[in-house]
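Computation of the quantities below employed the complete heavy-atom set of this structure, encompassing side-chain atoms and omitting hydrogens, waters and symmetry-equivalent molecules. Note that ligands are numbered from 1 as they come in the structure, with each ligand's atoms numbered from 1 the same way.
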Amino acid sequence: MIRIIEVKDLWKRFQDGTEAIKGVSVKFETNKLTCIIGPSGCGKTTLLKHLNQLEAPTSGDILIDNESIFSQDEVALRRKIGYVIQKIGLFPHMTIADNISIVPKLLKWEKRTYQKRVDEMLELVSLEPDIYANRYPLELSGGQQQRVGVARALAADPNIILMDEPFSALDPISREQLQEHLQEIQKRLKKTIVFVTHDMDEALKIADKIVLMKDGEVEQIGTPDEIVNHPANDFVRSFIGTERMQRFQKTSKRDVGSLRQWYVSEIDVPAQPVEADYSVAEAVELMVQQDVLAIEIKEGEQILGYLTKDRILEALVLERGDAS
Ligand SMILES: Nc1ncnc2c1ncn2[C@@H]1O[C@H](COP(=O)(O)OP(=O)(O)O)[C@@H](O)[C@H]1O
Ligand SMILES: [Mg+2]
């Protein structure tokens with residue numbers, strides 16, 4: 001099922017005059033985890049809240065699969081979208097099982113169906129149902145509670161999941177575990193995930209795509225590789241930081257010669273599919289032989305990105321530079 005969210009020239013001015021969002025246009029794609037990142041107060045939460053109509057825009061539109069969300073019933077919309085926030089938001093007087101089955105109950109699932117679902121969801125986030133289903137939130141650690149938060153967001157099987165700094169209140173070890181867990185879950189479930197964070201290491205680790213914001217505007221959209229290797233401006237560069245840039249570039253040097261580190265997420269010409277493990281030289285050969293202007297880089301069925309002839313020539317030159 002396709003669930004593409006398209007934000008079109010979104011503006012938000014709050015009643016007190018604060019301009020929180022200033023002309024943001026961005027696409028969130030299916031089977032991609034997109035991180036929205038930027039300094040505190042840059043509008044990340046405000047942007048996210050527009051996606052499930054917790055905020056109304058001053059102007060602009062948001063489409064899900066080409067249909068404006070503002071022509072849809074907002075309660076019904078919200079039930080189709082999972083939402084995880086930093087402050088977990090479990091109901092303390094309800095058991096873990098009751099917390100997870102809130103939306104399935106609102107959707108009037110049969111009791112047997114949602115009880116089974118609770119067990120599945122707990123297993124998905126690695127919490128033994130027999131032990132945890134009947135406990136109360138305060139009988140769990142912070143990391144475990146946040147797992148329940150994720151289980152609850154996934155319970156009604158939404159295609160879209162919004163997460164607002166879900167792991168930032170956790171200790172580093174729980175945070176790392178949950179990041180890895182989320183990546184595993186995403187590999188299996190292939191949702192459209194929009195994940196807000198202010199932590200660049202977190203974004204570089206888990207994101208398929210990063211949307212970097214400052215003062216209500218988008219500064220750059222790209223894959224982690226693109227952001228680190230081709231920062232659009234000085235702000236992006238300083239937000240990444242020199243130390244992190246060098247560290248990341250070192251790790252991506254390991255697969256010099258493969259196409260992975262060069263691709264971009266969008267092009268406007270037809271493209272020839274190529275496996276991600278091709279070297280840059282092999283790709284050039286193919287482009288010449290097939291007389292195509294661009295290639296589509298695939299890993300199995302998944303499209304990782306695209307390369308145009310210009311970009312690939314740039315890659316070739318830079319790689320030669322590396323070798324000498
Ligand atoms: N309800 C509100 N009324 C007025 N200003 C707000 C409101 N909510 C957020 N803001 C302001 O909008 C800007 C963006 O806030 P927010 O989206 O929460 O940023 P972030 O999540 O990136 O830290 C900030 O300047 C914040 O103070
Ligand atoms: Mg926020």
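For Phe167, the ring-ring contact (aromatic ring centres under 6.0 Å, His included) partners at least two apart in sequence or on another chain are Phe195.
Listed by first then second residue, pairs satisfying salt bridge (Lys or Arg N to Asp or Glu O under 4.0 Å) with a partner in residues 22-44 read Glu29-Lys32, Glu29-Lys209, not counting sequence neighbours.
No continuous path of ILVMFWY side-chain contacts below 4.5 Å connects Ile267 to Ile227, so the two sit in separate hydrophobic clusters.
Under the 3.5 Å distance criterion, with hydrogens and angles disregarded, a donor-acceptor pair is assigned to the side chains of Asp164 and Thr45. A donor-acceptor contact closer than 3.5 angstrom is absent between the side chains of Asp225 and Thr223.
Protein residues lining ligand 1, listed by chain and number: Phe14, Asp16, Thr18, Ala20, Pro39, Ser40, Gly41, Cys42, Gly43, Lys44, Thr45, Thr46 [non-hydrogen atoms, distance under 4.0 Å].
Taking each heavy atom of Asp9 and Ser25 in turn, the nearest pair found is N-OG, 2.9 Å.
Other residues, nucleotides and ligands contribute at most 12 non-hydrogen atoms within 6.0 Å of the CD atom of Glu110.
With respect to Asp234 and Arg237, a salt bridge is recorded, a charged nitrogen being found less than 4.0 Å from a carboxylate O. Classification of Glu202 and Arg175 as a salt-bridged pair fails, no side-chain N sitting under 4.0 Å from a carboxylate O.
For the Mg ion (ligand 2), the nearby protein N/O/S atoms, meaning those under 2.8 Å, are Thr45 OG1.
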